[in-house]
Enquirer: 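Starting off with a structure, shown below.
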Amino acid sequence: DSGVTQTPKHLITATGQRVTLRCSPRSGDLSVYWYQQSLDQGLQFLIQYYNGEERAKGNILERFSAQQFPDLHSELNLSSLELGDSALYFCASSVGPTGGQFFGPGTRLTVL
Amino acid sequence: GQQVMQIPQYQHVQEGEDFTTYCNSSTTLSNIQWYKQRPGGHPVFLIQLVKSGEVKKQKRLTFQFGEAKKNSSLHITATQTTDVGTYFCAGPHAGGTSYGKLTFGQGTILTVHP
């Protein structure tokens, strides 16, 4: 158990819908990262927050947005969902803005 | 942009054999990190190497960081069935707008036959 929690574990929805994935980092960790993992794309960095502020951005689609709240938990919002958005979404956290990251169990999103 | 390549993509070994995966970055890295993901699981942080030429050991696992800080390797001695999984290397960007971004290699999937 990494200490990072993610909800929900599984999510099944339809194209065009919007979903919110939630992540609570390890106690004391200020950085939160979001990743997308699919079979053909591997592990893709989406976005990073550090102590409430956006720190780094990857190839995150405009339909996706995220934020980190004052209590340091984070949410990833995915809207206008497409079939290709089906993937595992991982949240990770670390103490500082760099360094080893501790991953949550992931949310498996299925878009039908 | 920064690219991190790993070889081989797949490796099948008999239990007891050694295993090595190699990681190469298109840019110099401030550090290299290694992760293991068991089938159906999430990536688990193994280690971070920072210094040029650094070698670190964790039981049967040996990690090396190249002198030029552009390549790294993970070697497992006498594999066991518990070593099964995908091994990823990852390199961070440093500075600029990509500060904190971690670029993962595509991973090496290790299968260990008993």
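Chain letters run A, B, ... following the sequence lines, proteins first, then strands; residues in each count from 1. Here the structure is a predicted model, which is why all the values come from computation and not from measurement. Basis for what follows: all heavy atoms, side chains included, without hydrogens, waters or symmetry-related copies.
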Enquirer: Between B:Lys56 and B:Glu54, does any side-chain N to carboxylate O distance fall below 4.0 Å?
Expert: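 Salt bridge present between B:Lys56 and B:Glu54.
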Enquirer: Counting heavy-atom pairs under 4.5 Å to chain A, which of B:Gly41, B:Pro43, B:Gly107 comes out on top?
Expert: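 The option with the most such pairs is B:Pro43.
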Enquirer: Pick one of side chain, backbone, both or neither for B:Gln106, based on which atoms fall under 4.5 Å of a heavy atom in chain A.
Expert: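 The answer is neither part of B:Gln106.
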Enquirer: Do A:Tyr35 and A:Phe103 have ring centroids that are under 6.0 Å from one another?
Expert: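 So the answer is yes for these two rings.
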Enquirer: Given that the side chain runs from C-beta out, which part of A:Gln37 has a heavy atom under 4.5 Å from chain B: side chain, backbone, both or neither?
Expert: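 Contact with chain B is through the side chain of A:Gln37 alone.
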Enquirer: Please confirm whether the ring centroid of A:Phe102 lies under 6.0 Å from the ring centroid of B:Phe45.
Expert: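 So the answer is yes for these two rings.
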Enquirer: Shorter than 4.5 Å, heavy atoms on both sides: which option in A:Ser2, A:Gly58, A:Gly99 has the most such pairs with chain B?
Expert: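 Highest number of pairs under 4.5 Å: A:Gly99.
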Enquirer: What class does the angle between the rings of B:Tyr35 and B:Phe104 fall in, given that below 30° is parallel, 30 to 60° is tilted and above 60° is perpendicular?
Expert: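 Tilted.
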